[in-house]
Engineer: 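First, the structure itself, so that you have it in front of you.
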2 protein chains.
Amino acid sequence: MVDEQKTTEEIIFEAALSVFQRKGLAGARMQEIADEAGINKSMLHYYFRSKELLFKQVFIKSFKNFSASTIPIMNLELSWEEKIPLLVTHYLKAMQTRPDLPMFVINEMRYNPEDFLSNVSGNKIKDTVFFAQLWDGINKGTIRPIKPIQIVVSIISETVFPVIAKPMIQHMTKLQDTNWEEFIADREKVIPEMLIKYLKEF
Amino acid sequence: MVDEQKTTEEIIFEAALSVFQRKGLAGARMQEIADEAGINKSMLHYYFRSKELLFKQVFIKSFKNFSASTIPIMNLELSWEEKIPLLVTHYLKAMQTRPDLPMFVINEMRYNPEDFLSNVSGNKIKDTVFFAQLWDGINKGTIRPIKPIQIVVSIISETVFPVIAKPMIQHMTKLQDTNWEEFIADREKVIPEMLIKYLKEF
DNA sequence: ATATAGTTCAACCATTTGGTTGACAAATGA
DNA sequence: TCATTTGTCAACCAAATGGTTGAACTATAT
């Protein structure tokens with residue numbers, strides 16, 4: 001593989017990604033981004049003009065990254081029962097590598113609503129094979145007749161929420177760090193079991 | 001009832017609660033809190049000394065408010081099957097009235113970890129009647145043998161997450177505002193059904 | 001070589017922001 | 001009544017922060 005040299009712009013963008021995802025728009029400091037990139041603060045403005053523009057690009061990239069990652073899985077050539085555990089595992093693994101990403105996206109989206117994303121096509125979860133499979137089963141009477149969107153939201157909720165709310169849950173339940181891994185491992189089994197059972201037996 | 005006069009301190013605290021919950025620690029401005037309280041900015045420092053101290057009090061109050069509200073429900077004299085829909089309804093209703101509260105608590109807890117809460121006793125969800133009932137059923141073989149904490153986390157995840165992630169879900173699924181209420185109403189039925197079925201049939 | 005365009009940075013600048021001060025009013029109590 | 005405490009505010013202040021500038025440096029093309 002070629003040892004491609006990262007351009008200054010790329011270095012800045014990655015540093016911005018890291019700092020914005022960790023601290024949010026209001027909490028992030030241009031100086032901190034410059035420090036993390038190892039360059040002068042003027043460079044940020046030279047390449048991205050303003051904090052707002054830089055944030056906008058970081059935010060759009062983050063949103064796409066989070067929301068688009070599941071589509072390929074939903075379009076695999078597998079049954080819907082096989083896809084549910086895959087999706088659960090995918091989200092739990094994604095949480096492990098980038099725990100700040102979903103929190104960042106959700107959080108900033110309360111303030112920068114459609115504005116920043118007006119040009120970002122809402123990627124069509126509804127047009128995936130997974131969705132079609134669920135509708136098909138419902139029409140054939142083999143799946144409980146509830147809207148498929150409920151299932152998708154449940155999968156995301158059950159996997160993403162516990163990780164972003166980890167400190168709160170730990171404080172509320174006194175769950176130690178050592179037991180946390182076990183707790184997550186359990187969830188990886190429990191969530192698909194529960195969802196599939198609910199959809200198939202009614 | 002007595003028309004109690006709110007003290008300046010209380011007025012400030014409520015304004016701070018509102019602004020901090022909406023904007024977070026980094027995003028909140030002392031001037032904005034003063035404006036919302038309708039008093040001079042100096043008053044904030046007169047009564048609370050610094051932004052950090054004011055925030056600390058607001059944060060502790062918010063955390064207690066969120067985490068303690070379910071304990072009474074879990075200790076009601078009802079079967080566990082009856083409590084699950086109650087808990088789901090409780091959380092969904094709480095979300096409706098104070099949509100910013102859980103996001104605020106979860107968000108700020110990533111940065112102000114145990115520090116602020118070291119003196120706040122982690123309220124013992126594990127010591128509720130609800131928990132005892134689940135363990136009891138598990139031991140008797142009438143409930144699927146999974147750790148009760150999984151159920152509690154599922155209830156919170158399934159109810160709280162969709163509401164805090166509403167803008168993101170709406171963008172990802174193109175769900176209109178008019179259909180949102182229906183979506184939430186559906187969840188109020190789906191979540192208890194799913195959890196109870198999973199626990200009882202195995 | 002040298003002109004041109006792109007890149008980098010130290011030093012500045014204007015505004016915002018948390019926080020302070022001192023004067024003054026309103027209650028409190030002797 | 002009058003002295004002391006408590007409450008309120010306009011005007012300031014110092015530090016932080018986003019942003020600008022001008023000069024210097026580098027690479028590339030002619």
Side-chain angles (χ1 to χ4, degrees), chain A residues 2-62 100 104 107-108 110-112 115-116, chain B residues 2-62 100 104 107-108 110-112 115-116:
Chain A
V2 187
D3 179 29
E4 287 198 26
Q5 195 80 344
K6 275 182 198 155
T7 67
T8 303
E9 188 169 344
E10 287 167 343
I11 293 172
I12 291 173
F13 190 79
E14 278 167 33
L17 206 72
S18 161
V19 173
F20 275 131
Q21 284 187 7
R22 250 183 300 119
K23 307 253 180 122
L25 172 57
R29 296 288 161 252
M30 294 297 268
Q31 188 58 58
E32 190 180 352
I33 295 173
D35 290 347
E36 191 155 324
I39 45 86
N40 189 282
K41 184 161 66 82
S42 314
M43 295 288 89
L44 306 190
H45 294 96
Y46 177 74
Y47 284 103
F48 297 92
R49 257 194 50 206
S50 71
K51 186 186 186 185
E52 196 185 336
L53 268 308
L54 177 54
F55 173 80
K56 189 169 172 171
Q57 294 199 33
V58 164
F59 179 67
I60 290 175
K61 168 109 177 192
S62 299
D100 288 330
F104 170 70
N107 211 15
E108 300 298 336
R110 294 190 313 175
Y111 273 101
N112 319 300
D115 258 44
F116 285 2
Chain B
V2 187
D3 179 27
E4 287 198 27
Q5 195 83 342
K6 276 180 198 155
T7 67
T8 303
E9 188 169 345
E10 287 165 343
I11 292 172
I12 291 174
F13 190 80
E14 278 167 32
L17 207 71
S18 161
V19 174
F20 275 131
Q21 284 187 7
R22 252 184 298 119
K23 308 251 179 125
L25 172 57
R29 297 287 161 255
M30 294 296 268
Q31 187 58 59
E32 190 180 351
I33 295 173
D35 289 345
E36 191 156 321
I39 45 85
N40 189 283
K41 184 162 66 80
S42 312
M43 293 290 89
L44 306 190
H45 295 95
Y46 179 75
Y47 284 103
F48 297 91
R49 254 194 51 208
S50 71
K51 187 186 186 186
E52 197 186 334
L53 268 307
L54 177 54
F55 173 80
K56 190 168 172 171
Q57 293 199 33
V58 164
F59 179 68
I60 289 175
K61 168 108 177 192
S62 299
D100 289 329
F104 170 71
N107 211 16
E108 301 297 338
R110 293 191 314 176
Y111 273 102
N112 319 299
D115 258 43
F116 284 4

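Per chain, numbering begins at 1; letters A, B, ... match sequence-line order.
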Engineer: Just to be sure I understand the rule, does A/A28 reach a base, reach only the sugar-phosphate, or reach nothing, if contact means heavy atoms closer than 4.0 Å?
Structural biologist: sugar-phosphate
Engineer: Within this structure, what is the CD-to-P distance between B/E9 and D/dG7, rounded to whole angstrom?
Structural biologist: 9 Å
Engineer: If you look at every heavy atom in B/E9 and B/F48, which pair is closest and at what distance?
Structural biologist: CG-CZ, 3.8 Å
Engineer: Give a yes or no on whether A/E52 atom CD has more than 12 heavy-atom contacts from other residues, nucleotides or ligands under 6.0 Å away.
Structural biologist: no
Engineer: Side chain of A/H45 only, heavy atoms from C-beta on: which candidate in C/dG6, D/dT20, D/dG7 is closest?
Structural biologist: D/dT20
Engineer: C/dG18 P sits how many Å from B/K51 NZ, rounded?
Structural biologist: 5 Å
Engineer: Using atom CD of B/Q31 as one end and atom P of D/dA10 as the other, report the distance to the nearest whole Å.
Structural biologist: 11 Å
Engineer: Within the structure shown, what part of the strands sits under 4.0 Å from B/M30 by heavy-atom distance: base, sugar-phosphate, or nothing?
Structural biologist: sugar-phosphate
Engineer: For A/L44, report the nucleic acid contact type (base, sugar-phosphate, nothing); a contact means any heavy atom under 4.0 Å.
Structural biologist: nothing
Engineer: Return the value, rounded to whole Å, for the distance between atom NZ of A/K41 and atom P of C/dC9.
Structural biologist: 13 Å
Engineer: Rounded to the Å, how far apart are A/I39 CD1 and C/dA10 P?
Structural biologist: 11 Å
Engineer: For the pair made of CG in A/D35 and C1' in C/dC9, what is the distance, rounded to whole Å?
Structural biologist: 14 Å
Engineer: In whole Å, what is the span from the CD atom of A/E52 to the P atom of D/dG18?
Structural biologist: 13 Å
Engineer: What's the verdict on ring-ring contact (aromatic ring centres under 6.0 Å, His included) for A/F20 and A/F59, showing C-alpha distance, side-chain angles and the deciding distance?
Structural biologist: CA-CA 8 Å; A/F20 275 131; A/F59 179 67; over 10 Å; no
Engineer: Could you state the CG-C1' distance from A/L54 to D/dT17, rounded to the nearest angstrom?
Structural biologist: 15 Å
Engineer: Taking only N and O in the side chain of A/R29, is any of them less than 4.0 Å away from OP1 or OP2 of D/dG18?
Structural biologist: yes
Engineer: With a 4.5 Å cut-off on side-chain heavy atoms, are B/N107 and A/N107 touching?
Structural biologist: yes
Engineer: Measuring from the side chain of A/N40 (C-beta onward, heavy atoms only), which nucleotide among D/dG19, C/dA10, C/dT8 has the closest atom?
Structural biologist: C/dA10
Engineer: Can you tell whether the side chains of B/R110 and A/D100 come within less than 4.0 Å, N to carboxylate O?
Structural biologist: yes
Engineer: Any side-chain N or O of A/Y47 under 4.0 Å from OP1/OP2 of C/dT8?
Structural biologist: yes
Engineer: Any side-chain N or O of B/S42 below 4.0 angstrom from OP1/OP2 of D/dA10?
Structural biologist: no
